[in-house]
Every structure is written in structure tokens, then in C-alpha cells.
K.L.:
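Here it is, the structure, as C-alpha cells.
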Amino acid sequence: MTGGYQLTLHLDTPAPMRASLPLLEVDGKPLGVAKQSPDRKSLTLVSADPAMLQAHDVRLVWSGDLGKQSGLSRGIAAAGPTDAYWLKARRGPLLPVDPGAVGKYKVDTAEYNLGNEAVFLPGLGHRSELLGKVYSPRGASGPRPLVVFLHGRHEVCYGDPTHPSDDARPWPCPPGMKAIPSYRGYDGPATALASNGYQVVSISANAINAWDSDAYDAGAQARAELILDHLALWRKWSTIGGGPFGTRYVGKIDLRNVGLMGHSRGGEGVARAAVLNADRGGQYGIRAVLPLAPTDFARATVPGVAMSVVLPYCDGDVSDLQGQKFYDDTRYSVGGDTAPRSTVTVMGANHNFFNTEWTPGQSVAPSNDDWFGDEKASPCGAKYPGRLTPKEQQAVGTAYVAGFFRLQLGHEKQFLPQFDGSDSRAASAGNAVVRVVSQGRVLNPLDRALPAGAVAGKVSATVCAGVTTTALRASTPTCMSTDDWSNAPHWGAAWFAAKTPTTAVTKLKWSGTNGVVRVNVPAGERDVRRVAALTFRAAPDPAGAPKTDLSVHVVDGHGRAAVVPVSAVSDALVRMPGSNDGGLPKNLLRTVRIPVSSLKGIDLRDVRAVELRTDRVASGSAYVSDLAFSSPGLGLPVPATLLPKLSASSVTVKEGDKGTHAVDFWVTMSRPSIRPVSVYVETNGELGESVGDVSQQLVFKPGQMRQKVTVPITGNTRDSYDLPFSLVLSAPHDALLNESFGHGLVLDDDPTPTLTLSNLTTVEKTGLVNFGVKLSAPSDKYVSFSGVLKDGTAVIRKDYTSANDEGTGPVDRSIDGYVEPGQTTGELSVKILDDKVKEPAETFSAVVQQVDGAELKVPMTLTGTIIDND
């Protein structure tokens with residue numbers, strides 16, 4: 001490629017269909033995201049790293065598995081120091097109403113199928129099916145809230161094709177194979193919702209799964225487009241009717257009150273759909289999104305809607321729990337937006353089992369437990385006591401999916417305690433250990449240095465973000481050291497926005513019991529009588545003790561303090577289960593929640609400060625974030641349609657022959673804003689040596705509507721492929737992302753070199769020998785050519801043989817050669833066999849029939865002459 005090297009890995013069998021991104025790793029170093037062929041048997045990337053030319057070991061790894069040696073060591077190490085605690089961890093009170101229970105309505109189900117290629121998705125560049133399963137409350141009157149479920153990235157077809165072909169299209173399924181009905185896998189939450197009066201539709205996205213390896217954003221935009229296409233159908237069916245349902249749903253659907261649940265890559269799809277809907281004027285009333293075990297490759301934000309992110313602790317696919325960043329990035333992304341947000345960490349849950357069609361013993365197609373390894377190993381082995389069975393996990397999923405949408409769409413406030421951080425639980429979820437983090441009215445996010453005088457005694461308070469790693473770049477100062485991003489969900493980089501800063505928190509480190517960190521309460525916020533709780537997020541430092549403690553002092557205007565040890569109200573400062581292996585333990589910030597009603601002996605009308613004190617443990621270290629006074633409620637979302645939209649332009653440019661020249665992208669806003677708007681921007685993709693590595697934060701002043709981003713392009717005279725790359729926008733503040741990927745294309749303008757092949761004359765004893773191979777000029781491409789061997793007076797396997805022939809089975813007459821990138825000579829080998837017979841010179845032919853990366857008139861016949869040595 002232009003100024004870089006292209007590497008392709010060929011596999012004997014298709015790569016698995018996973019939510020994580022496929023990476024190519026060379027000699028233990030991951031080089032970047034690889035493009036998969038439609039049959040998933042080859043993976044290609046371009047890199048400027050010359051290590052590719054001397055590669056000894058090239059393998060496929062996955063973005064969620066970095067540092068885990070492809071997961072081979074999972075379950076082998078000893079148990080972690082807190083595993084016993086988590087088997088008997090504290091559980092919150094039972095909710096008075098069970099959100100997972102079946103309600104008063106009978107549920108009618110139906111399916112609609114408008115065809116396997118019914119709609120074109122611009123974000124995919126292919127056509128998709130429009131197929132869904134409908135769950136309706138029988139006899140319910142009036143328009144009902146609509147909840148749309150979207151499954152994630154899973155295998156598309158199963159069975160054996162009638163006519164196997166290497167170039168078969170992955171979708172629609174070829175003859176003999178059946179489509180995997182992933183959309184049928186959420187009967188539990190769909191029935192719970194429909195029986196309580198909600199309309200549910202679960203939609204199929206097999207076409208996207210089949211084609212998204214070519215999508216610039218791994219299919220997030222296409223999944224969002226598919227959701228909006230289904231909503232357009234329901235707008236028609238609920239107003240004028242038609243299609244397969246006639247007038248059945250006319251007046252029955254409230255499209256001003258819509259919720260979206262997305263599993264796996266579907267989680268990124270529903271997040272994008274909420275923003276895309278706002279970008280298009282809010283034609284549907286999307287009020288709530290629930291990303292379930294989601295991917296977040298590009299650091300998007302989801303302002304203006306209620307959101308709860310479900311994180312399965314034993315996720316073996318999206319092992320880095322990257323969906324945590326939806327919460328982290330959105331919580332303060334728009335000033336004044338108090339839409340409720342939470343994360344729900346489910347201990348013992350894996351990635352797949354929320355969907356029955358992805359669960360062995362329940363699915364019609366082959367399926368698997370994505371967490372592999374020793375079945376009895378703590379904390380995620382299939383037979384470990386803390387691991388949820390499939391049915392237990394599905395019950396938890398039903399309770400939280402149904403509870404969230406009943407709360408946010410139906411305003412059923414009895415479910416507020418399920419999402420306020422108090423860990424109130426549903427009876428149907430059994431004994432599952434679940435930890436909820438929720439957002440409150442922030443007192444101090446603790447993401448920047450505290451003012452002078454706020455820290456006293458033997459304690460330091462340092463702001464940190466990101467991780468230190470030997471394999472990949474990271475921002476500094478960093479919060480922890482790890483080569484395994486799976487154990488750092490807040491701080492691992494996103495592959496499409498790798499340089500966007502991650503969540504900043506305050507790291508406390510103390511060596512005495514007199515440490516005090518004080519946060520003053522502003523004058524207008526000191527009356528907390530009507531506030532439910534004081535909350536913050538916390539976690540122990542993985543480099544320190546597995547358990548630590550702090551005390552919280554709430555101080556009033558008279559200097560009196562109410563004192564609460566963290567350990568009395570939360571296990572946030574207890575390390576999560578697992579040893580340092582296989583992406584465990586996760587270092588997740590969790591909620592410390594202190595009910596205001598428990599703060600005795602102080603004047604709640606005049607709270608002056610909150611202090612974190614180190615008087616519980618003589619030395620230790622911990623992370624703290626988001627100190628807030630919190631009252632559970634439905635919040636006050638800022639209508640996202642009112643926010644300006646940010647877009648990146650697209651640019652095509654010729655590479656040039658020498659020097660560096662600039663190409664300008666423009667980042668524009670849809671309208672001016674009265675307050676500053678910011679967004680991170682960076683180049684991403686197959687940059688090679690030609691495209692400059694750009695990363696910066698753009699800040700738009702009030703009234704400013706566009707800014708230029710200059711990307712340097714370096715020319716050369718070597719033949720290359722055209723080079724596509726992206727300019728990625730991420731983590732906006734006070735704005736939405738519209739066209740968040742700008743598309744760049746560097747056109748190679750150098751001539752294709754000419755390949756010259758020459759005849760071979762050799763003697764019997766030489767063994768492996770080459771025809772002459774010469775390229776007229778070095779190329780960035782890997783030049784390859786192939787053909788067949790034909791006998792003359794020399795006979796194959798008697799006088800010579802193909803270098804590929806192992807000597808057993810049918811005769812292999814193939815011959816192939818290559819010239820490596822940057823070289824002008826190459827190889828085209830045959831093997832000469834020695835015998836003891838005196839004979840005249842013998843000849844054979846090599847007919848070159850195909851060439852890639854160079855000019856050569858084919859077919860071309862070469863002559864090999866063997867001189868007798870007897």
C-alpha cells in the first residue's frame with residue numbers, strides 16, 4: 001500500500017463470528033484492525049511497521065483479548081484473594097414488585113418478513129432483511145410504548161451448503177443452509193414487557209453480520225439505519241396500516257415513547273440509532289436505550305435519553321467491557337442534561353447466554369459458552385458456584401431489561417431502586433450478585449486537580465487516566481499498569497478512537513491515618529434534606545491490597561460531622577473476583593451510596609463539606625470519582641434534537657512522488673452554538689507511511705461553525721494500492737455526532753512495475769532452484785504469480801517436482817512465486833531430483849497463468865533445462 005506494507009493471513013477455516021474486532025498480531029505485537037474477507041478465511045491490514053517483513057509468527061487475535069495470550073491461560077491460575085467474599089457478597093433488598101414477573105395481559109406473537117434483501121443500508125453498502133418477531137399485549141387499549149430489540153454479531157447461517165463455493169456470498173444463506181434466528185432469542189424480556197402492556201419487536205440483523213467486516217465503523221451506522229427502517233414500518237402500520245398486519249396495529253403504537261435494547265454490537269447500534277434519530281430531527285420519540293454487553297469502538301456519546309449499560313462480568317467476547325465508556329463519556333457530555341444513566345454489572349454472566357439462540361441446549365443452531373477454560377475455575381468457569389447457569393442469567397437479563405423500560409417508558413417508579421445504586425433486586429433474578437452505578441447531581445467529578453488546601457495529612461490525590469502498557473501507546477499520567485485492557489474497562493483505548501483520552505479519576509494514596517481530602521459544598525447546594533443519598537464511585541488500586549477502606553465525613557456549618565465507613569455501606573473497595581489472569585479481576589469503579597437519612601447529628605440544611613479520610617487503614621490506595629448528591633428519578637433530559645451536529649468531510653487526494661503535502665478535512669457544525677463545543681479528532685485505519693498520524697481536540701467558540709484539520713500526506717515513487725483511511729470524531733461535548741467518520745482516500749499515482757521471468761538451466765544435484773525473477777522497480781505491493789508445471793523430456797516426480805509437492809497422494813503440478821515489498825528480485829522455485837542414470841539434458845515447462853501486483857503478459861511459458869551430472 002501507499003508507503004506501507006500489506007499483510008494477509010489466510011486461514012484454513014473461517015474466523016469465528018465475534019463482537020470484538022479482529023486484529024493481526026506479528027511476533028506478539030498487535031498491529032491493527034484487519035479487514036476480513038466475506039468468507040472470513042483471510043484477514044488483511046496495512047502497516048508502516050517494517051516488522052511485517054521479518055515476521056516469524058502472524059496470528060489472529062481479538063481486541064477484547066489483548067494480553068490474555070488468546071485466552072489460553074483462562075482458569076489455570078489460582079483463585080483470587082476476594083473470590084470467597086463474592087460468593088457470599090452482600091445483596092440489596094427485594095423490590096416490592098418483580099419486573100421479571102409475567103403481567104396481566106396475555107401475549108400474542110407474530111412475525112413479519114419483507115425479504116432477505118428488502119432494504120439498502122448506506123452504512124453497510126449492501127441490502128438487508130426486514131424481519132422481526134412481534135410481542136403484543138392482548139386486549140390492551142390505546143397506544144402502547146414500543147421497545148425494539150436488536151441482537152448482536154453472531155454466526156449468520158448453519159447447516160451444509162448444497163454447492164460449496166469459496167466465493168459464495170455470505171448473505172442470503174446459500175442453498176442447503178438456514179438463517180440463524182438470533183432475533184428469536186429474547187422471549188423472556190419480551191414476554192415480561194408485553195404482558196405488562198408494552199409492545200415489543202425483536203429484529204434480525206443477519207445481513208449486517210454477514211457484511212460488516214467491510215464497514216468503516218464495524219457496522220454501527222448500518223445497525224442504526226436498520227432500526228430506523230423498522231420504525232418507519234411501524235409508523236405506517238400504526239397509522240394507515242398495510243403490510244402483513246392490515247389494520248391490526250392502527251392506533252396501538254406510541255412512537256413518541258420508544259425504547260431500544262441492543263446486545264453486543266447491537267448495543268453500539270442502538271446508541272447510534274438514538275443519536276441518528278436526533279440528527280434527523282427526532283422523528284421518533286426514542287426515550288431510553290439499553291446496551292447489553294455492548295461494543296463501543298468509536299467512543300460515542302448518547303445524551304438526551306435514559307441509558308443503562310449491562311456489563312456481564314464473565315464476558316468472554318467483549319472481554320474488556322468497553323460498553324462502560326458509554327456511561328463514562330456521556331455522563332457530563334452535555335451541560336444540564338440530567339437524563340438518568342446507570343451501569344449494571346452482573347457477576348457470573350457471560351456474553352452469549354442473554355440470547356437463547358446463542359445458548360447450547362436452547363438454540364436451533366450450534367452455539368457455545370464464550371467464556372472458556374477450566375470449568376471449575378474461579379470465578380467464571382461453567383461449573384464454578386459463582387457462575388450463573390444459562391437460565392439464571394436469562395432471568396437476570398429479563399429482570400433488568402424489563403425493569404428499565406417499565407421505569408423509563410412507563411414511568412413505573414417502583415423500579416427506581418433497581419437502578420439507583422442501592423442494589424435493590426428482583427425476586428426473579430434469584431441470588432445473582434449485581435452491582436449498579438447511577439449518576440447523580442454532581443458535587444465534584446474528581447476528574448481534575450483539587451484546589452489548594454483540599455488535601456491534608458499523609459495522603460496524595462492525583463488525577464490519572466489510561467493505562468501504562470508495553471504493547472500499545474497510552475496517555476499519561478496513567479491510573480494502572482497492565483498489558484491486558486480487559487481488566488481496565490474505564491481506561492483501555494477504543495480501536496477507532498485510540499487517542500481520545502479516557503476517564504479521568506482521582507487516585508488516593510496514603511501512608512497514615514490522618515489523611516483528609518475535602519470537597520466543599522457550594523453555597524446554593526448546602527440544603528440536602530430532600531436528597532436521597534450521597535454517592536461516589538470507588539475502586540481499590542490493583543497494585544495495593546485487595547481490600548481497603550476510607551471513612552466519609554459529612555460536615556455541617558457548625559463543624560459537626562456524620563461519619564460513615566465505606567465498608568459499612570458498600571463493597572466498592574473490595575477487589576472484584578479473579579486472579580491476575582484472563583482479563584480478571586476487572587478494575588471497575590462501583591457505587592458508594594450513603595442515604596442522607598442516615599446522616600445523624602448534623603444540620604442537613606447546611607452541609608458545608610464532604611471529606612474522605614484515611615483513618616480506617618494505615619496505608620493504601622484507591623480510585624474515587626463522581627462525588628454527588630443523588631435522588632433517584634426520571635431526570636430531565638436535554639432534547640438531543642436541540643444540540644448542534646458535528647460532521648467530518650471526506651477527501652480524495654493523489655499521493656504524489658516526493659515530499660509532504662497537506663490535505664485539509666473540515667469539521668463542521670450544523671448550526672452555531674451559544675456555548676463552546678468540543679470534539680476529539682484523529683486519523684485512523686491503514687495509514688501506512690503516507691498518511692500523517694493526527695490527533696487533537698477541537699474547540700468551537702460560540703458562533704464558530706467549522707474548523708480545519710490538516711493531515712500530512714507523504715509521496716513516493718513506489719507502486720501501491722490506493723489507501724483508504726478515516727478521520728474519526730469522538731467524545732463530543734455539548735453536541736451530537738452526525739457524520740462521525742470522514743473518509744480519506746490516497747490515490748496511488750505510480751506506474752505498476754514490469755515483471756521479468758527467465759528460463760532456468762541447472763544440474764541434477766541442485767535440489768531447490770529458482771527461475772529468474774526480476775521486477776523493474778521496487779513496489780509496496782507483495783507481487784505474486786502462479787501457474788502449472790508441464791513435462792517435456794523431463795518427467796515430474798522422476799526428474800523434478802513442484803516445491804509444493806509432498807510426494808504423497810496425487811501429483812501437485814502447481815508452481816508459485818513472489819517478490820516481497822521493497823525488493824526487485826524474488827523466487828519461483830522448483831525441486832530438481834537427482835538420479836544415477838547417465839542421460840542427455842532434459843526439459844520441462846513452467847506456464848505462468850496469473851500475476852498480481854505487476855505487469856506481465858500471461859500465459860507465459862518458461863523452460864527449465866536439467867543437465868545430467870552422472
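Being a predicted model, the structure only gives us computed values, none of them experimental. Numbers for residues simply follow the sequence, beginning at 1.
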K.L.:
Distance alone, cut at 3.5 Å: any donor-acceptor contact between the side chains of S319 and S486?
P.N.:
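No - no donor-acceptor pair under 3.5 Å links their side chains.
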K.L.:
Search all heavy atoms of A19 against all heavy atoms of F297 and return the closest pair with its distance.
P.N.:
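Heavy atoms of A19 and F297 come nearest at O-CZ, 3.2 Å.
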K.L.:
Under 3.5 Å, side chain of S776 to main-chain N/O of P753, donor-acceptor pair present?
P.N.:
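Looks like no, no N/O pair under 3.5 Å.
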K.L.:
Tell me if the CD atom of Q850 is crowded by more than 12 foreign heavy atoms within 6.0 Å.
P.N.:
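No, CD of Q850 has 12 or fewer neighbouring heavy atoms, counting only those of other groups under 6.0 Å.
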K.L.:
To the nearest 0.5 Å, how far apart are CG in L646 and CG in N738?
P.N.:
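It is 9.0 Å, given to the nearest 0.5 Å.
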K.L.:
Please answer whether the main-chain N or O of G152 pairs with a side-chain N or O of R265 as donor and acceptor at a distance below 3.5 Å.
P.N.:
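No, because the side chain of R265 does not come within donor-acceptor range (under 3.5 Å) of the backbone of G152.
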K.L.:
Hey, does V270 have a side-chain heavy atom less than 4.5 Å from the side chain of I227?
P.N.:
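Of all side-chain heavy-atom pairs linking V270 with I227, at least one is under 4.5 Å.
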K.L.:
Take Q324 and D296, measure what side chain to side chain contact (heavy atoms under 4.5 Å, CB included) needs, and give me the verdict at the end.
P.N.:
CA-CA 9 Å; Q324 171 66 48; D296 178 14; over 6 Å; no
K.L.:
Name the residue from E129, H126, R127 that meets the side chain to side chain contact (heavy atoms under 4.5 Å, CB included) definition with E117.
P.N.:
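It is R127, the one option of E129, H126, R127 that forms the side chain to side chain contact (heavy atoms under 4.5 Å, CB included) with E117.
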K.L.:
On the 0 to 90° scale, with breaks at 30° and 60°, tag the Y818-Y782 ring pair as parallel, tilted or perpendicular.
P.N.:
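Judged by the thresholds at 30° and 60°, the geometry between Y818 and Y782 is parallel.
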K.L.:
Identify the two heavy atoms, one from G817 and one from L828, that lie closest to each other, and give their separation to 0.1 Å.
P.N.:
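Answer, listing the atom of G817 first, then L828: N-CD1, 3.7 Å.
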K.L.:
So, does S726 use its side chain to make a donor-acceptor pair with the main chain of V728 at under 3.5 Å?
P.N.:
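The answer is no, because no donor-acceptor pair under 3.5 Å joins these two groups.
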K.L.:
Quick check for you: to the nearest 0.5 Å, what is the distance between D279 atom CG and S670 atom OG?
P.N.:
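Separation between the atoms: 8.0 Å.
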K.L.:
Assess whether side chain to side chain contact (heavy atoms under 4.5 Å, CB included) is satisfied between T503 and W491, documenting all intermediate values.
P.N.:
CA-CA 6 Å; T503 302; W491 302 308; 4.3 Å; yes
K.L.:
Please check if the side chain of H743 supplies one atom and the backbone of P724 the other of a donor-acceptor pair under 3.5 Å.
P.N.:
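Such a contact is absent between H743 side chain and P724 backbone.
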K.L.:
For residues 694-708, tabulate all N or O donor-acceptor pairs below 3.5 Å that involve a side-chain atom, not counting sequence neighbours.
P.N.:
from : atom 1 : to   : atom 2 : distance (Å)
Q704 : OE1    : K701 : N      : 3.0
Q707 : NE2    : V699 : O      : 2.6

K.L.:
Scan side-chain atoms only and decide if R223 and N209 contain a donor-acceptor pair under the 3.5 Å cut-off.
P.N.:
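Present: a donor and an acceptor within the cut-off.
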K.L.:
Charged N to carboxylate O below 4.0 Å: is that the case for D317 and R153?
P.N.:
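No, D317 and R153 are not salt-bridged.
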K.L.:
Taking the side chain as every heavy atom from C-beta outward, state whether K499 and Y680 have any pair of such atoms under 4.5 Å apart.
P.N.:
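Contact flag for K499/Y680 side chains = no.
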K.L.:
Determine, for R272 against D217, whether the closest basic-nitrogen to carboxylate-oxygen distance falls under 4.0 angstrom.
P.N.:
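Result for this pair is no, no salt bridge flagged.
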K.L.:
Just how far is it from atom CD1 of I203 to atom CG of L150, taken to the nearest 0.5 Å?
P.N.:
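Rounded to the nearest 0.5 Å, the CD1-CG separation comes out at 5.0 Å.
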K.L.:
For a quick test of reading the model, state the closest non-hydrogen atom pair linking P174 to R169 and the distance between them.
P.N.:
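Reported closest heavy-atom pair: CD-O, 4.4 Å.
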K.L.:
Provide the closest heavy-atom pair for K35 versus S213 in the form atom of the first, atom of the second, distance.
P.N.:
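Reported closest heavy-atom pair: CD-O, 3.6 Å.
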K.L.:
Evaluate the side-chain proximity of S128 to W211: yes if any heavy-atom separation is below 4.5 Å, no if none is.
P.N.:
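Answer no - side chains too far apart.
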K.L.:
Are the side chains of V773 and T825 in contact, using a 4.5 Å heavy-atom criterion?
P.N.:
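Not touching, per the 4.5 Å side-chain cut-off.
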K.L.:
Would the distance check show the side chain of N759 and the main-chain N or O of T863 forming a donor-acceptor pair, the cut-off being under 3.5 Å?
P.N.:
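Yes, the answer is positive, given that a donor and an acceptor are paired below the 3.5 Å cut-off.
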K.L.:
Can you confirm whether V156 sits close enough to M17 that some side-chain heavy atom of one is under 4.5 Å from a side-chain heavy atom of the other?
P.N.:
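The answer is yes; the side chains approach within 4.5 Å.
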K.L.:
Can you tell me if Q322 and D320 form a side-chain donor-acceptor pair at under 3.5 Å?
P.N.:
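Yes, D320 and Q322 have a side-chain donor paired with an acceptor closer than 3.5 Å.
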K.L.:
One pair to check against side chain to side chain contact (heavy atoms under 4.5 Å, CB included): H10 and T8. What are the steps and the verdict?
P.N.:
CA-CA 6 Å; H10 297 284; T8 300; 3.6 Å; yes
K.L.:
Of the non-hydrogen atoms in S730 and L737, which two are nearest, and what is the gap between them?
P.N.:
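Smallest heavy-atom distance, with atoms named: CA-CD1, 4.2 Å.
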K.L.:
Go through N770 and L760 one step at a time and tell me if the side chain to side chain contact (heavy atoms under 4.5 Å, CB included) criterion holds.
P.N.:
CA-CA 7 Å; N770 280 298; L760 165 69; over 6 Å; no
K.L.:
Given L736, which partner from the list P644, P303, S647, S333 fulfils the side chain to side chain contact (heavy atoms under 4.5 Å, CB included) test?
P.N.:
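Between L736 and the candidates, side chain to side chain contact (heavy atoms under 4.5 Å, CB included) is satisfied uniquely by P303.
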K.L.:
Any heavy-atom pair between the side chains of S758 and F771 that's under 4.5 Å?
P.N.:
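A side-chain contact under 4.5 Å is absent here.
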K.L.:
Which of these passes side chain to side chain contact (heavy atoms under 4.5 Å, CB included) with L723: I713, V691, L745, V653?
P.N.:
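When side chain to side chain contact (heavy atoms under 4.5 Å, CB included) is applied between L723 and each of I713, V691, L745, V653, only V691 qualifies.
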K.L.:
For a side chain to side chain contact (heavy atoms under 4.5 Å, CB included) with P859, tell me which candidate from V847, V788, V848 qualifies.
P.N.:
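Passing option: V847.
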K.L.:
So, taking the atom named OG in S63 and the one named CZ in R18, what distance separates them when rounded to the nearest 0.5 Å?
P.N.:
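Here the rounded value is 7.5 Å.
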K.L.:
Could you give the distance from OG (S802) to CG (D816), rounded to the nearest 0.5 Å?
P.N.:
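Rounded to the nearest 0.5 Å, the OG-CG separation comes out at 7.0 Å.
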K.L.:
Output, in order, the C-alpha distance, side-chain angles, deciding distance and verdict of salt bridge (charged side-chain N to carboxylate O under 4.0 Å, His left out) for R718 and D780.
P.N.:
CA-CA 6 Å; R718 298 188 302 277; D780 286 335; 2.6 Å; yes
K.L.:
Less than 4.5 Å apart, side chain to side chain, heavy atoms only: is that true for S649 and V651?
P.N.:
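Heavy-atom side-chain distance check passes, below 4.5 Å.
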K.L.:
Answer whether the closest heavy-atom distance between the side chains of D657 and D750 falls below 4.5 Å.
P.N.:
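With C-beta onward as the side chain, the pair touches.
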K.L.:
Hey, does the side chain of R299 reach the backbone of A494 with a donor-acceptor pair shorter than 3.5 angstrom?
P.N.:
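Checked: no pair found.
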K.L.:
Minimum heavy-atom separation for F326 to T295, with atom names?
P.N.:
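Smallest heavy-atom distance, with atoms named: CE1-O, 3.4 Å.
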K.L.:
Could you give the distance from CZ (R40) to CG (L60), rounded to the nearest 0.5 Å?
P.N.:
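So the gap between those two atoms works out to 11.0 Å.
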K.L.:
For a quick check under 3.5 Å, do T301 and T330 share a side-chain donor-acceptor pair by atom type?
P.N.:
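Their side chains do not contain a donor-acceptor pair, so the 3.5 Å distance test is not met.
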